[in-house]
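Down below is the structure, laid out as structure tokens.
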Amino acid sequence: MRTGYLYHEIFGWHDTGTYTGDLPSDPGAGLQPFINYEHADTKRRIHELIVVSGLIDHLDRISPREASEEELMRVHTKEHIERIKKESSSRLGGDGGDLSTPFARGGYQIAALAAGGAIEMMDAVISGKVTNGYALIRPPGHHAVRETGMGYCIFSNLAVAVMAAKERYGKDFRVAVIDWDVHHGNGTESIFLDDPTVLTISLHQDRLYPHETGDLTTLGRDGSNINVPLPPGTGKGGYRYAMTEVVLPALERFKPDLIAVASGFDSSVFDPLGRMLLTAEGYREITEMLMESAARLCNSRLMATHEGGYNATYSPFCGLFVLQQLSGVKRLDDPFNHADQYPGHELKAHEKDVVDRAAQLIADIKV
Ligand code: ZN
């Protein structure tokens, strides 16, 4: 088994500017300038831990390339691509589209490299160059819709990769996208809502972001979308239950050719934006479950693209644990594993209720 890994230092040069966490600084409102939560360090430090732990020696490096305009246009409108390109060439850069997704000069090239990185990783897994893999790319992608970027995302990296795979391997190539970022994968959902060959399942904190999407009632064509809007405070027990009752049986029914993960570490217990309790061990467990599913259903083809995760000291361990599980090589324990003992990890009744309702949607997946 070989595990692919993709990162490029220039992903750390995507400049999201001075912010007050997730809001633009505003002295009049008392918002003191600080960093943007979507900061290079939360990803760069994942990469550094993978190098320093020695895990890097057990991974197959995959190189990113810029996605072409033609590849981006299979997902995004020409107007969106042209606008990002134009603002990227201006002295001060621009914004993904919601005035909360700032990028500096040259942002287009870095965003195109992130999308192209997703394409290359997905292709490496499908072609059998590697068994599974993780693309640690930035900016993230799962909130971007066809016409615009939003929520730190400029292009839908994973959707661009799925469309590239379909171009190469046929339009019937079936991909299941499992989104474990704490925020709803609204972009991926909207792009594939009418495409029954792409199953999208999002496990997220109910109405965290976007506030108006991610409900149980958004159903894709032929049952190809399932949302699991988990209550704040969901821990390992709730996620485990969502996996065994919704994700794994849905995969079993859908029979994908590839399982892709939109991987955010903002569902972790220490994240400043989310209010969930997942730990590095929790992420490892759900990775293991998906690996077992991939082994049964699609020749172990499993890949992830990086999305959110905003705790710069803890995200690295979540990333390390996912990659240790994917590769089967263990280098380090989680020094923060006291969080595995926090009360609240057990499945709670109001979590079970949501998962049980989501599980009823599995029968709608057309086979
Ligand atoms: Zn997120």
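Please read all numbers here as calculations on a predicted model, not as lab measurements. Note that ligands are numbered from 1 as they come in the structure, with each ligand's atoms numbered from 1 the same way.
- Using modelled atom types and a 3.5 Å distance limit, the side chains of Y134 and H306 yield a donor-acceptor pair.
- Ordered by chain and number, D181 OD1, D181 OD2, H183 ND1, D266 OD2 make up the set of protein N, O or S atoms under 2.8 Å of the Zn ion (ligand 1).
- Residues D334 and Y314 have side chains that bring a donor and an acceptor to within less than 3.5 angstrom of each other.
- Remark: R45 does not engage D41 in a salt bridge, criterion side-chain N to carboxylate O under 4.0 Å.
- Using a 4.0 Å cut-off between charged nitrogen and carboxylate oxygen, E281 and K236 do not count as a salt-bridge pair.
- Each side chain to side chain donor-acceptor pair (under 3.5 Å) pair with one or both residues in residues 7-18, not counting sequence neighbours, would appear here, but there are none.
- Partner H184 forms a side chain to side chain donor-acceptor pair (under 3.5 Å) with one of D179, T218, D215, N227 and no other, that one being N227.
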